[in-house]
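Structure first, commentary second.
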Amino acid sequence: MSEQKVAYRQFCEQLPDLPIYMYDWYLDAVCTDCTWDVVLAKAGDQVVAALPFALKRKMGFTYIVMPAFTKFMGPILHPDYRAHKHEVTLYQTLIEQLPKVAAFKQNFHVQATNWLPFYWQGYEQSTRYTYRIDLSDLDQVYGNINRNMRRNIKKAAQQLRVSLDDNPKAFFELNQKSFARQDLAIPYSYELFERHDQALAKHQARILFFALDANDQIHSAAHLIWDKQASYYHLSGDDPALRKSGGGILLIWEAIKYTKEVLGLPYFDFEGSMLPQVEQIRRQFGAKQQPYFSIWNYHSALFKVLDYWKGNRPR
């Protein structure tokens with residue numbers, strides 16, 4: 001293991017608000033078709049800033065991408081060095097150390113609000129949104145949910161029971177059905193999902209929710225993960241034949257309550273979506289938009305042409 005990675009593992013333990021996706025053990029689990037590494041900035045012997053990244057190699061190109069199951073990455077600073085006077089210099093130090101690659105593509109976490117040093121180095125940006133709920137007052141959270149949505153939650157609760165079962169195989173099968181309903185192939189194998197899920201379970205950072213009827217048929221399932229600041233509605237699935245029962249809506253509310261009452265965390269994060277039909281549900285739950293940056297830079301003109309031709313143009 002490189003000295004950089006050893007230092008980063010120690011740095012992860014020092015941060016009170018490191019996003020779950022950026023922990024060393026999380027990256028170990030999800031980087032199967034790529035390798036992860038990190039660049040660091042120090043003040044004396046102390047690591048005060050880091051930028052982890054995933055390297056992928058294909059067709060003679062090496063490029064930086066987002067790994068599977070990873071919503072946010074980007075630079076992270078030690079709390080004592082988050083003032084603007086430190087931020088610009090530390091970001092520049094990190095950028096200078098990045099490997100020479102054909103392209104760089106990352107979604108920055110919501111704490112990374114200053115991408116100007118990247119702009120100065122020729123990077124481009126698109127603003128995207130996740131949706132968050134402040135859980136300070138759970139009664140108020142429920143009151144902020146759309147009235148029709150509250151009615152659907154109550155109706156589903158009368159028909160279904162919620163179970164917290166440690167059954168990743170059953171979850172994956174339902175998740176797979178949701179993709180099939182949209183005529184899409186699920187973008188990950190069960191082996192990769194299981195590896196990812198086991199790492200989260202080992203670090204006590206996930207729970208599986210299932211909505212079942214009186215005949216023990218699974219209507220909906222949800223995969224909730226968390227760090228020290230927020231939970232994330234990570235993955236979900238519905239049985240296409242049973243979607244009208246409202247099991248998916250019920251599980252969102254159960255996950256919100258679990259975050260507040262069991263985990264004691266201040267925020268519930270829907271993990272973002274730019275799709276209109278998904279955004280509408282987030283809004284109906286009273287969630288507020290939280291912007292984050294999608295950052296990219298093409299260092300190879302040929303790779304850019306090929307990427308655009310394959311429909312991978314950043315936006």
Side-chain angles (χ1 to χ4, degrees), residues 1-9 11-12 18-41 47 49-77 87-88 90-128 130 187-188 192 195-196 199 271-272 274 292-315:
M1 186 183 302
S2 69
E3 291 184 9
Q4 296 281 89
K5 279 192 174 182
V6 172
Y8 181 66
R9 292 181 192 278
F11 182 62
C12 288
L18 183 69
I20 183 71
Y21 318 93
M22 296 172 66
Y23 274 95
D24 53 299
W25 56 263
Y26 191 99
L27 295 171
D28 287 339
V30 300
C31 290
T32 56
D33 65 344
C34 55
T35 58
W36 76 271
D37 210 334
V38 63
V39 291
L40 306 172
V47 175
L51 176 55
F53 55 88
L55 280 172
K56 196 167 187 177
R57 295 175 177 85
K58 194 173 183 180
M59 297 186 300
F61 293 103
T62 301
Y63 48 103
I64 291 173
V65 295
M66 295 295 290
F69 304 114
T70 305
K71 188 65 179 182
F72 308 113
M73 291 185 75
I76 187 78
L77 307 184
E87 195 174 55
V88 171
L90 292 174
Y91 277 20
Q92 289 173 338
T93 300
L94 296 174
I95 294 168
E96 289 168 0
Q97 295 178 71
L98 286 170
K100 296 186 183 302
V101 292
F104 174 101
K105 296 180 184 179
Q106 275 197 351
N107 295 331
F108 284 9
H109 55 90
V110 295
Q111 299 172 41
T113 58
N114 177 13
W115 77 283
L116 192 56
F118 288 85
Y119 172 78
W120 291 333
Q121 296 298 322
Y123 289 72
E124 298 182 73
Q125 178 268 142
S126 177
T127 301
R128 305 179 72 83
T130 186
Y188 38 82
L192 178 55
R195 174 187 172 101
H196 162 60
E271 217 183 54
M274 301 294 280
Y292 67 92
F293 298 137
S294 177
I295 306 288
W296 70 89
N297 195 0
Y298 286 99
H299 302 287
S300 165
L302 177 58
F303 185 87
K304 181 176 182 179
V305 170
L306 292 172
D307 218 28
Y308 278 38
W309 178 73
K310 290 187 293 183
N312 294 330
R313 179 178 180 175
R315 61 179 188 268

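Legend: residues meeting side-chain hydrogen bond (donor to acceptor under 3.5 Å, both in side chains) with Trp36, ordered by chain and number and at least two apart, are Asp28. Every side-chain contact (heavy atoms from CB on, under 4.5 Å) that Gln111 has, sequence neighbours left out, goes to Asp17, Pro19, Ile76, Arg82, His109. The side-chain hydrogen bond (donor to acceptor under 3.5 Å, both in side chains) search around Ser294 returns Asn107, not counting sequence neighbours. Residues satisfying the side-chain contact (heavy atoms from CB on, under 4.5 Å) test with Gln121, not counting sequence neighbours, are Ile95, Tyr123. Looking at residues two or more places apart in sequence or on another chain, you find no side-chain hydrogen bond (donor to acceptor under 3.5 Å, both in side chains) involving Tyr26. With sequence neighbours left out, Tyr23 forms a side-chain hydrogen bond (donor to acceptor under 3.5 Å, both in side chains) with no residue at all. Residues meeting the side-chain contact (heavy atoms from CB on, under 4.5 Å) test with Ala102, sequence neighbours left out: Phe61, Ser300, Phe303. Every residue was checked against the side-chain contact (heavy atoms from CB on, under 4.5 Å) condition with Thr113, not counting sequence neighbours, and none meets it.
Counting heavy atoms from C-beta outward, Lys71 and Tyr292 have side chains that approach closer than 4.5 Å. Here the side chains of Leu55 and Pro99 are in contact, with some heavy-atom distance below 4.5 Å. Between Met66 and Met73, the closest side-chain pair of non-hydrogen atoms falls below 4.5 Å. Trp25 places none of its side-chain heavy atoms less than 4.5 Å from the side chain of Cys12. By the 4.5 Å heavy-atom criterion applied to side chains, Val30 and Tyr21 are not counted as neighbours. Looking at heavy atoms from C-beta onward, Phe53 lies out of side-chain contact with Pro67 at the 4.5 angstrom threshold. No side-chain heavy atom of Phe11 sits under 4.5 Å from any side-chain heavy atom of Asp24. Looking only at side-chain heavy atoms (C-beta outward), Leu51 and Val38 stay at 4.5 Å or farther from each other.
Of all non-hydrogen atoms in Asn297 and Gly122, the two that sit nearest each other are OD1-O, 3.4 Å. Of all non-hydrogen atoms in Tyr91 and Asn114, the two that sit nearest each other are CE2-O, 3.0 Å. The shortest non-hydrogen separation linking Trp296 to Pro314 is CD2-CB, 3.4 Å. Taking every heavy atom of both residues into account, Ala199 and Ala29 meet most closely at CB-CB, 3.6 Å. The shortest non-hydrogen separation linking Ala41 to Leu94 is N-CD2, 3.8 Å.
For the salt bridge (charged side-chain N to carboxylate O under 4.0 Å, His left out) condition, the pairs that include at least one residue of residues 55-64, sequence neighbours left out, are Asp33-Lys56. Among residues at least two apart or in separate chains, salt bridge (charged side-chain N to carboxylate O under 4.0 Å, His left out) pairs with a member in residues 294-314 are Lys105-Asp307.
For Thr70 (side chain) and Ala68 (main-chain N/O), a donor-acceptor pair under 3.5 Å exists by modelled atom type. A donor-acceptor pair under 3.5 Å links the side-chain atoms of Gln106 to the main chain of Gly74, judged by distance alone. Remark: the backbone N or O of Leu40 is paired with a side-chain donor or acceptor of Gln97 at under 3.5 angstrom.
With rounding to the nearest 0.5 Å, the separation of CD in Gln92 from CD in Glu87 is 11.0 Å.
A donor atom on one side chain and an acceptor atom on the other are found under 3.5 Å apart for Gln125 and Thr127.
Within a 6.0 Å sphere centred on OH of Tyr119, other residues, nucleotides and ligands contribute 12 heavy atoms or fewer.
The aromatic rings of Phe108 and Phe104 lie perpendicular to each other, with more than 60° between the two planes, well past the 30° mark.
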| request: Please test Phe293 against Phe118 for ring-ring contact (aromatic ring centres under 6.0 Å, His included), starting from the C-alpha separation and ending with a verdict. | output: CA-CA 11 Å; Phe293 298 137; Phe118 288 85; 9.9 Å; no

| task | Check step by step if side chain to side chain contact (heavy atoms under 4.5 Å, CB included) holds for Leu27 and Met22. | result | CA-CA 7 Å; Leu27 295 171; Met22 296 172 66; 5.5 Å; no

